Amino acid sequence: MFDKKDHIIPLDRFIDNALYHPSKGYYMKKKSFGKSGDFITSPNISIIFSEMIFIWVISYWKHFYTNKKINIVELGAGNGEMMHQIIISSKKFSNFYKNCEFIIFEKSKKLIQVQKKRLKGLKVKWSKKLNKIANKPTIFLGNEFLDALPVKHYLKINDKWYERYVEKVKGIYRFKNINCDIKKLEKKLNFNVSKNQKFLEISFDGIKLLKELNNFITKNGGSILFIDYAYLNRRMFDTLQGVKNHRKIDILSEVGNADISHLINIPFLKKVAKEQKLEISYKSQREFLLNLGILQRADILASKKSFLEKANIYYRINRLIDKKQMGDLFKVIHFYKKNNKFKLGFK
Ligand SMILES: C[S@@+](CC[C@H](N)C(=O)[O-])C[C@H]1O[C@@H](n2cnc3c(N)ncnc32)[C@H](O)[C@@H]1O
């Protein structure tokens with residue numbers, strides 16, 4: 001996983017390699033999604049999840065851009081399930097559909113192939129660069145996208161700050177902490193992060209990407225909607241986890257054979273948003289989906305089904321909204337520009 005000459009690399013570069021190394025990276029070779037994969041995401045649990053996202057998107061368009069052209073861009077589309085359902089639902093609304101350009105922004109070549117297969121025959125494009133997307137109002141969507149980006153770790157030990165690196169010794173990966181200048185880091189971020197913290201988990205890739213998205217919507221109009229694993233504590237802690245066969249594992253074991261993700265820290269994200277002059281609202285996945293009418297939609301879908309099919313629909317929805325399952329752990333996060341009064345799902 002290491003370049004030959006590098007025996008030690010920063011944690012975020014290690015994660016990036018473990019997931020996207022051209023031949024050995026997890027997302028470059030494995031079938032990760034679904035029951036037979038390592039984890040399952042909301043669009044793969046129930047199509048109703050993607051239908052709710054679609055309702056949010058079309059309502060946004062109606063509110064601001066009726067009869068105007070718009071881009072719907074999905075960031076990190078996995079196996080393409082969410083985009084598939086969004087396009088299928090859009091087709092039922094011809095005015096919206098004809099004004100929409102559907103675009104996927106995806107890093108993994110392997111997953112692009114999977115997506116192309118799933119979305120065959122549908123009106124969708126892939127874009128490798130955000131700055132190549134046509135200048136028009138744009139809704140950026142990402143499910144489990146932010147929480148899949150690489151992070152850096154900083155640790156305070158005996159009043160000194162260290163950055164976490166990964167080294168490989170005799171074939172075994174292990175962490176190594178190296179002195180760092182936390183003031184320099186705060187200067188780069190342009191806000192204070194270390195006060196009252198003993199541990200920091202930061203995705204600079206995420207911050208950079210958010211900046212690009214922000215620039216885009218500042219210029220062209222639109223919003224950013226993310227659905228991610230997230231937590232609300234002010235105190236940050238180590239949330240990094242490997243996942244294989246639906247089980248949590250140490251990120252240094254099974255390198256390249258397991259997914260790696262983390263939890264988004266909402267107080268930190270608020271600081272990032274403020275620094276970038278972006279507004280932010282969030283709700284638990286449960287509240288957001290209930291606000292959008294997921295139960296009413298389930299009732300409609302279930303009404304003409306057999307008892308077993310009905311049970312299956314409600315069982316899946318329960319997974320998405322139950323407080324002990326995905327309902328509370330996942331947060332829907334809306335980034336928008338000042339004076340944007342669109343609050344659907346977030347009231
Ligand atoms: C955990 S998966 C979620 C997939 C999908 N959204 C879902 O819910 O099933 C993360 C996705 O983001 C993609 N990804 C990660 N980092 C990316 C980046 N920097 N640019 C574009 N795509 C990225 C991955 O390849 C993968 O498709």
Side-chain angles (χ1 to χ4, degrees), residues 33-35 37-57 75-76 78 81-82 85 141-149 151 197 199-203 206 210 223-243 246-249 259-273 279-299 311-336 343-347:
F33 298 89
K35 222 174 167 184
D38 292 308
F39 56 88
I40 187 155
T41 58
S42 299
N44 289 282
I45 290 176
S46 168
I47 57 162
I48 306 183
F49 173 84
S50 307
E51 285 186 332
M52 295 301 112
I53 303 297
F54 163 74
I55 289 174
W56 192 87
V57 168
L75 308 160
E81 257 333 294
M82 186 162 97
Q85 191 53 47
L141 302 169
N143 186 58
E144 294 209 39
F145 175 73
L146 278 186
D147 63 22
L149 297 176
V151 287
Q197 300 282 4
F199 183 90
L200 299 170
E201 189 170 68
I202 299 176
S203 173
L210 196 60
S223 270
I224 307 158
L225 191 77
F226 285 130
I227 307 103
D228 280 294
Y229 269 116
Y231 70 108
L232 306 177
N233 310 35
R234 294 215 162 266
R235 280 247 169 151
M236 278 194 183
F237 53 88
D238 183 350
T239 70
L240 207 53
Q241 59 174 38
V243 174
H246 302 268
R247 290 224 173 126
K248 290 184 186 174
I249 59 162
D259 186 33
I260 300 177
S261 63
H262 66 285
L263 268 66
I264 300 299
N265 181 266
I266 296 281
F268 177 77
L269 202 60
K270 281 185 177 175
K271 287 188 177 186
V272 174
E279 304 292 314
I280 174 172
S281 296
Y282 67 89
K283 277 271 177 236
S284 67
Q285 173 164 296
R286 172 186 172 79
E287 287 173 286
F288 179 82
L289 293 176
L290 288 175
N291 284 344
L292 275 148
I294 194 166
L295 290 179
Q296 291 79 349
R297 177 65 182 144
D299 290 345
N312 189 23
I313 289 173
Y314 289 112
Y315 169 79
R316 286 166 182 273
I317 285 192
N318 197 45
R319 263 185 95 170
L320 297 176
I321 62 172
D322 186 74
K323 286 185 178 169
K324 292 200 180 97
Q325 300 188 58
M326 297 170 92
D328 253 357
L329 192 52
F330 279 77
K331 307 280 185 288
V332 183
I333 305 161
H334 181 202
F335 290 105
Y336 51 97
K343 296 280 177 273
L344 182 66
F346 292 91
K347 276 180 207 146

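All values below were derived from every heavy atom in this structure, side-chain atoms included, with hydrogens, water molecules and symmetry-related copies excluded. Because the structure is a prediction, the values reported are computed rather than measured.
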Can you check whether [X] reaches [Y] side chain to side chain, under 4.5 Å on heavy atoms?
| X | Y | answer |
| --- | --- | --- |
| L146 | L210 | no |
| I333 | F346 | no |
| M326 | S42 | yes |

Identify the heavy atoms of [X] and [Y] that sit nearest to each other, and give their distance.
| X | Y | value |
| --- | --- | --- |
| E144 | T41 | OE2-CG2, 3.7 Å |
| M82 | N143 | SD-CB, 4.3 Å |
| Q241 | V243 | NE2-CG2, 3.6 Å |
| Y336 | K343 | OH-NZ, 3.8 Å |
| G345 | N291 | O-ND2, 2.9 Å |
| L232 | P267 | O-CG, 3.3 Å |

Could you go through the side-chain contact (heavy atoms from CB on, under 4.5 Å) check for L269 and F335 one step at a time? CA-CA 10 Å; L269 202 60; F335 290 105; 3.6 Å; yes

Residue of the set L225, L289, D228 for which side-chain contact (heavy atoms from CB on, under 4.5 Å) holds with V332: L225

The criterion is ring-ring contact (aromatic ring centres under 6.0 Å, His included); which residues satisfy it with F330, sequence neighbours excluded? Y229

For Y231, enumerate each residue passing the ring-ring contact (aromatic ring centres under 6.0 Å, His included) test, keeping only those at least two apart in sequence or located in another chain. F237

For A230, all residues meeting side-chain contact (heavy atoms from CB on, under 4.5 Å), sequence neighbours excluded: I264, I266, K331

Counting only heavy atoms not in K270 (residues, nucleotides, ligands), do more than 12 fall under 6.0 Å from its NZ? no

Go through the steps for I294 and F288 under the test side-chain contact (heavy atoms from CB on, under 4.5 Å), then give the verdict. CA-CA 9 Å; I294 194 166; F288 179 82; over 6 Å; no

Under 3.5 Å donor-acceptor, Q197 side chain and M236 backbone: yes

Under the rule for side-chain hydrogen bond (donor to acceptor under 3.5 Å, both in side chains), what residues qualify as partners of Y315, not counting sequence neighbours? none

Return the set of residues passing side-chain hydrogen bond (donor to acceptor under 3.5 Å, both in side chains) with T239 (not counting sequence neighbours), or none when no residue passes. E201

Anything under 3.5 Å between a donor and an acceptor, one on a side chain of residues 45-56, the other on a protein residue two or more places apart or in another chain? List them.
{"unit_1": "S46", "atom_1": "OG", "unit_2": "I48", "atom_2": "N", "d": "3.0"}
{"unit_1": "E51", "atom_1": "OE1", "unit_2": "R297", "atom_2": "NE", "d": "2.7"}
{"unit_1": "E51", "atom_1": "OE2", "unit_2": "R297", "atom_2": "NH2", "d": "3.0"}
{"unit_1": "W56", "atom_1": "NE1", "unit_2": "L344", "atom_2": "O", "d": "3.0"}

Interatomic distance, I202 atom CD1 to L149 atom CG [nearest 0.5 angstrom]: 14.0 Å

